[in-house]
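Computed from a prediction, not measured in an experiment: that's the story for all the values here. Both counts, for ligands and for their atoms, begin at 1 and track the order of listing.
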Amino acid sequence: MSNPYMSIDPQLFTHRAGAEVHIDLSAITQNYLYLQSKVAPAQCGGVVKADAYGLGMVEVAKALYKAGCRHFFVAHLDEGIALRSVLNAECTIYILHGFIPNQEALFIQNRLTPILNDIQQLKSWSQLCNHQRKNHPAAVQFDTGMSRFGIGQDELAQLSQISWDFFRPCLAMSHLACADTPDHPANQQQLTRFNTLKALIPCTTASLSASSGIFLGKDFHFDLVRPGIALYGGNPTPNAPNPMRAVVTLQGKILQTRSINTGDFIGYGATFVAPCPMKIATLSIGYADGFFRSLSPKLQARSPKYPEIPLPLLGRISMDSLCVDVTNLPENSIQSGDIIELIGKSCSINDVARTIDTISYEILTALGDRYHRIYTS
Ligand SMILES: *Cc1c(COP(=O)(O)O)cnc(C)c1O
């Protein structure tokens, strides 16, 4: 661990694994506590949809619960049911996608809180509560500009038809489209609209911000914030240094090493032709592991033994393997079975994303389930 370039001790690598993702649960906890302290007295929730952005919903949610998190967000009903079965403790699980007709009983049985996204859902849920003379918790989302989810401008007039006798929404919410660009005019516009809209329903708690919104200032915090990517080490302030701790390390094994001559090519399509004699190593990670084809030849890997020497990816990435240039490593210094790091201290999820013009969310959620996932706490 003393090695400043490498995230983990390579001796920890599982004997059988082709490739591993190491997930630092204590870094997730510290990220959570940092965000919680930043927004206090507002509360900090945790977004664990899509298997906690590919890092494992069960492990991540348990760690967040331990850190004090009591508001969890997932996208699908199925995700919520799975989460409720492991988080039976007192906490709120919100379903971002709301419900479709005939799912209501499943929400109530599993104590899941739908986010009501259109007027029809609002009417049905209110009827259900009034019929049973019981308030079943539900949140109400307003569309403040993203045109994706939430009660729209065209539906506002129908709010007057809703009966609030037994139905009291537990949260008014909306979602920002441009929070990662602090001076985008949409931020202020959405904030102003949200302040107007949330007053239209009998509800005293509100939530507007995900990870990036937290960094737009107190006005954007309301009562509850909903970070996802920042918990997992993604940079919520893309134009400034990352305030979050890295969570993910990705490592593969060397399967073979070989020497090639001037004019030899590497990989499908023969896209790389050696300009001089070179040494290359084949690693056990490919695009089926979410290591996108477009990452080669742009990225560099590292060996834990020589972390200061970059090992550029060469040629096309195959489904299960990729090749790196190990010419600059000392003679006979590596062999099959050795560990090579692709994401870690010297190359973060944000660096990988930037390389191919995408966002860290896509890098994490693409990782797939062939890796051995190792959790440290
Ligand atoms: C996914 C999602 C979040 C979390 O977003 P991050 O940018 O990952 O923090 C919060 N709120 C809603 C409505 C979402 O869909």
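- Within the structure, the side-chain hydrogen bond (donor to acceptor under 3.5 Å, both in side chains) test picks out the following pairs touching residues 196-210 (sequence neighbours left out): S207-R226.
- The protein residues lying under 4.0 angstrom from ligand 1, judged by non-hydrogen atoms, are V47, K49, Y53, L96, R148, M173, H175, A210, S211, R226, P227, G228, I229, Y361.
- The local environment of CG in D165 is crowded, with over 12 non-hydrogen atoms from other residues, nucleotides or ligands closer than 6.0 Å.
- A donor atom on one side chain and an acceptor atom on the other are not found under 3.5 Å apart for T237 and N239.
- A distance-only check finds no donor-acceptor pair linking the side chain of N195 to the backbone of T192 [under 3.5 Å].
- H97 meets the ring-ring contact (aromatic ring centres under 6.0 Å, His included) test with H76, F149; sequence neighbours excluded.
- Taking F72 as the reference, nothing meets the ring-ring contact (aromatic ring centres under 6.0 Å, His included) condition, with sequence neighbours excluded.
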